[in-house]
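Residue numbers run from 1 in the order of the sequence given. Just so you know, these numbers use all the heavy atoms, side chains as well, and skip hydrogens, waters and symmetry mates.
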Amino acid sequence: MGTETARSVHGRVDRPILYRWGAWCARRAWRVIAVWALVIVGAGLLVPKFTDSLTGSSLKVDGSDSARVETLLTEKFASPVSEDAVVVFDSTRHTADAPAYRAAVGAAVAALRDQEGVLDIADPYGADDPTLFSEDRRTLLVTLGLGGGERDRQDTVPRIQDTLDDVAADGEGVDVMLTGSSALNAAVVEQQDKDLARAESIGLPIALLVLLAAFGTLVAACLPLLLGVVALVTSFGALGAVSGVVSFDVFSQAVVTMLGLALGIDYCLFAVTRMREELAARKGDVPAAVGATMATAGKAVLFSGCTVIISVAGLLVVRAPVFRTMALGVMIAVAAMLAVATTLLPAVLGLLGPRIDKLAVPGMKRSVRTTDVSRSGWARWTKVVMRRPVLVGGLTSVVLLLAILPAAQLKLGFDVGASAVSDAPAGRGYELVADKFVPGAATPLQIVLDKPAGALDDADLAALEQLTERLRDNDDVAEVQSVTDVLRQQAGGVDAAGLRTLMEAAKQDGEGLGRLIATDGRTTALAVLPREAADSDASVDLVHWIRDTAVPDTVGERDGTSAFVGGLSAQTVDISEEVSRATPLVLALVLGLSFILLLLAFRSLLLPLSAIVMNLVSVGAAFGLLTLVFQEGHGASLLDFTSGGFIQAYLPLLTFVILFGLSMDYEVFLISRMKEEWGHSRDNTRAVTEGVAHTAKVITAAATIMMVIFAAFMITKVVEVKQMGFALAVAVLVDATLIRVVLVPALMRLLGSSNWWLPGWLDRVLPRVELTEGSAPPPDDAPARDEAAGRPREEPAARG
């Protein structure tokens, strides 16, 4: 991807590869468009495969305690229950003792026993357990054991709810609802599909209005929007093609939709803006104008997209599927967008040519013809910044620092999403459990003791009983189910001989201990019902206490016996700890690789460093405001949410890599234009002023579109999507205003010609793929620029 221009033997300017590629696409526009028509049709057919395979957000962390619990429960127990769910019966007309109520419960239990995926269910009337009945006896719980992995369980729960709906329809005033982790996840998937459609219906029309204001013509305004939608469809089709081997969660769909529309529109916006300039400069030579557009704006887009891919790729080192699948989804989506921007876009630009300025908006025709930006308001503003860089830059830095400060108090947690689906059966059932029972009954903790060396002996069972009693003594625990209770009730004591007797009896009658003891007698499980909800601080603290205190004090590491804690609260702890572990590594990878890419792009040592610092400031400000709003609750009523006192556990790291890539988008576009001007004049002040003047309008329009699209996702009910939309919208606002058109020019004015400095030895060893002069060759009849001309001149001292 060379960018140098050298004079050929015929005295003509050699064209860089992107210039030649763009001109080729313009000359063969119909062929390229025909190929893309086939691609779009194929992608459209694959989109349902992607959307139908979505799962709820997984908190699984490979190698963690909670993951080990799920594996042991699935592989070693006769009843391989991997999740405990709850069927909630409720009636305003009957109590649980009424014949109609008992008939509804009996019908539901009988129907679910034959349901695929249901491994264990008991009749509550025969269980003799008063804790299954509410105090007013109008609400009743039936515990349900589900098998399989996360995706299997989420495929199962809609079928279970359909069966329960049939029972409720046949009954007399008894509502039946399935709730629990998988049921809530499945409901969130359905809710988010509705929310995304609503967000798109709001964001796209407003984006069109912004494009009309930026371009002044309907054709130019519709082109980025149309190609943005094409990029999104292509992305979903590509994800559908790999969804058979990779499970994507529903949050991936939201992120890809947000980025697909925003980046797709922005990339096309940059190219269309440059195309109009090149058409005016080259007097209507369409292939040359498209070639020059691809060699400048197209290359900036290419580097920008690669930076986003590199940033998101850092998530692959996190040992959690939610991060890895998110990274894969975004990388595929951005690659699809780059394919559209570098193939379909130049073909469409070549086909349209000067017609891109057709259908001018009344009252805005003059702006269509305006190409001289040296007298624009942005040029005047930049000159003000350049005259007072210390004053303007200092005040801006103070504002940004105030925005960053709240991020120091950022706290991670997990919202199960019940409030987002309060109208769905899973949400209503969850609220009933929380109101009439202990909230943790819907999402119990699971403790598994595993002894690979042999069957549990008397000492192991004594330690298990001690752990059971220690758990019951904790005020945050409502109930504990343990094999020791069964032994004491049925065998008269807790010892290995009694356990063997009960296991033999269970084999004979097929009932009893399948969920409490493994078939080989080496592994046992306890079910712990917290008094508080799974996403509460109390339940998280309970997990820490069990792992750090209760288990070491009772079971320890005796004879190779290990104890693992699983369940939703344990998964929250595990993913929070994994985020803390992986964050320094992700930061090092993202910052290091981004520096190398920008070093190649700009051939400067200071510009990549300053770009990284500016991006970190932008991300920090977004995190600070995110903490202030969603954690502290300021503005909660305005944004229609209830603060849980934390930020969704996996959101900050995911948001960081996306925001870093998005911030680099504008940085590459701005600095590449400055680099062009520097190559022409070797005047730093002029290069910065001209760069901002040429790009500020399009950056503002692009940022406005991004903010509109991201802000549209704040209307969703799902809390992580709302938080993500807010963080991205705020970051883009800060980046496109305070950073790009204030802080960056002020800093570059202070650094002077040092901005463009690169050690000679490094210049010789780096491959020449930078965004420099010659990226957009002049018309063939213009004299070639002498690359040796124009030595850097001394900059006058900046005034504070």
Side-chain angles (χ1 to χ4, degrees), residues 65 68-82 84 119-120 122 126-132 143 145 444-474 477-530 542-543 545-567 570:
D65 262 26
R68 181 66 174 153
V69 165
E70 186 172 331
T71 300
L72 288 170
L73 290 175
T74 302
E75 295 180 352
K76 302 197 68 174
F77 285 73
S79 178
V81 174
S82 51
D84 287 306
L119 303 181
D120 183 53
D128 193 26
D129 186 353
T131 62
L132 298 177
T143 56
L445 292 174
Q446 297 156 323
I447 304 176
V448 175
L449 272 68
D450 184 47
K451 183 181 179 183
L456 299 175
D457 56 25
D458 290 346
D460 297 321
L461 293 174
L464 177 62
E465 185 173 34
Q466 186 180 0
L467 173 61
T468 302
E469 295 306 317
R470 187 77 179 271
L471 291 170
R472 287 197 174 112
D473 290 339
N474 191 300
V477 175
E479 183 182 351
V480 181
Q481 298 172 3
S482 172
V483 70
T484 58
D485 298 325
V486 180
L487 284 172
R488 194 165 293 282
Q489 293 170 4
Q490 298 186 19
V494 180
D495 55 49
L499 179 61
R500 287 193 296 271
T501 300
L502 284 181
M503 291 179 65
E504 288 296 327
K507 290 179 182 179
Q508 298 294 327
D509 58 25
E511 297 181 1
L513 305 176
R515 297 189 59 184
L516 297 177
I517 191 78
T519 54
D520 59 6
R522 300 182 179 188
T523 308
T524 185
L526 294 85
V528 180
L529 272 61
L542 177 61
V543 173
W545 176 78
I546 294 173
R547 288 176 173 175
D548 301 336
T549 302
V551 168
D553 289 351
T554 55
V555 179
E557 292 290 337
R558 47 190 311 282
D559 298 328
T561 302
S562 300
F564 308 98
V565 183

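In this structure, CD on Glu469 lies 11.5 Å from OG1 on Thr554, to the nearest 0.5 angstrom. Here Leu487 contributes atom CG and Leu499 contributes atom CG; the two are 5.5 Å apart, rounded to the nearest 0.5 Å. Here Ser482 contributes atom OG and Leu467 contributes atom CG; the two are 8.0 Å apart, rounded to the nearest 0.5 Å.
Residues Leu529 and Pro444 come closest through the heavy atom pair CD1-CB, 3.9 Å. Minimum heavy-atom separation, Leu73 to Ala525: CD2-CB, 4.0 Å. Minimum heavy-atom separation, Ala496 to Asp458: N-OD1, 2.6 Å. Considering all non-hydrogen atoms of both residues, Ala563 and Val551 come closest at CB-CG1, 3.5 Å. Heavy atoms only, all atoms of each residue included: Leu542 and Pro530 are closest at CD2-CB, 4.0 Å. Considering every non-hydrogen atom in both Val494 and Thr484, the closest pair reads CG2-O, 3.8 Å.
Under the side chain to side chain contact (heavy atoms under 4.5 Å, CB included) criterion, Ala497 pairs with Asp495, Arg500, not counting sequence neighbours. Among residues two or more places apart in sequence or in another chain, the side chain to side chain contact (heavy atoms under 4.5 Å, CB included) test is passed with Gln481 by Glu479, Ala527. Residues satisfying the salt bridge (charged side-chain N to carboxylate O under 4.0 Å, His left out) test with Asp520, not counting sequence neighbours, are Lys76.
With respect to Arg522 and Asp450, no salt bridge is recorded, no charged nitrogen being found less than 4.0 Å from a carboxylate O.
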Evaluate Thr468 against Val483 for side-chain contact (heavy atoms from CB on, under 4.5 Å), listing each step before the verdict.
CA-CA 10 Å; Thr468 302; Val483 70; over 6 Å; no
I would like to know whether Asn474 and Ile546 meet side-chain contact (heavy atoms from CB on, under 4.5 Å); could you show each step before the answer?
CA-CA 10 Å; Asn474 191 300; Ile546 294 173; over 6 Å; no
Test side-chain contact (heavy atoms from CB on, under 4.5 Å) applied to Gln446 and Glu70, step by step:
CA-CA 9 Å; Gln446 297 156 323; Glu70 186 172 331; over 6 Å; no
Dump the intermediate steps for side-chain contact (heavy atoms from CB on, under 4.5 Å) on Val555 and Leu464, then the final yes or no.
CA-CA 7 Å; Val555 179; Leu464 177 62; 6.0 Å; no
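Between Val477 and Arg472, the closest side-chain pair of non-hydrogen atoms is not below 4.5 Å. The shortest side-chain heavy-atom distance between Val69 and Val565 does not fall under the 4.5 Å cut-off.
Without hydrogens or angle criteria, Thr524 side chain to Leu516 main chain gives a donor-acceptor distance under 3.5 Å.
The only member of Thr561, Thr523, Asp457 that meets side chain to side chain donor-acceptor pair (under 3.5 Å) when paired with Lys451 is Asp457.
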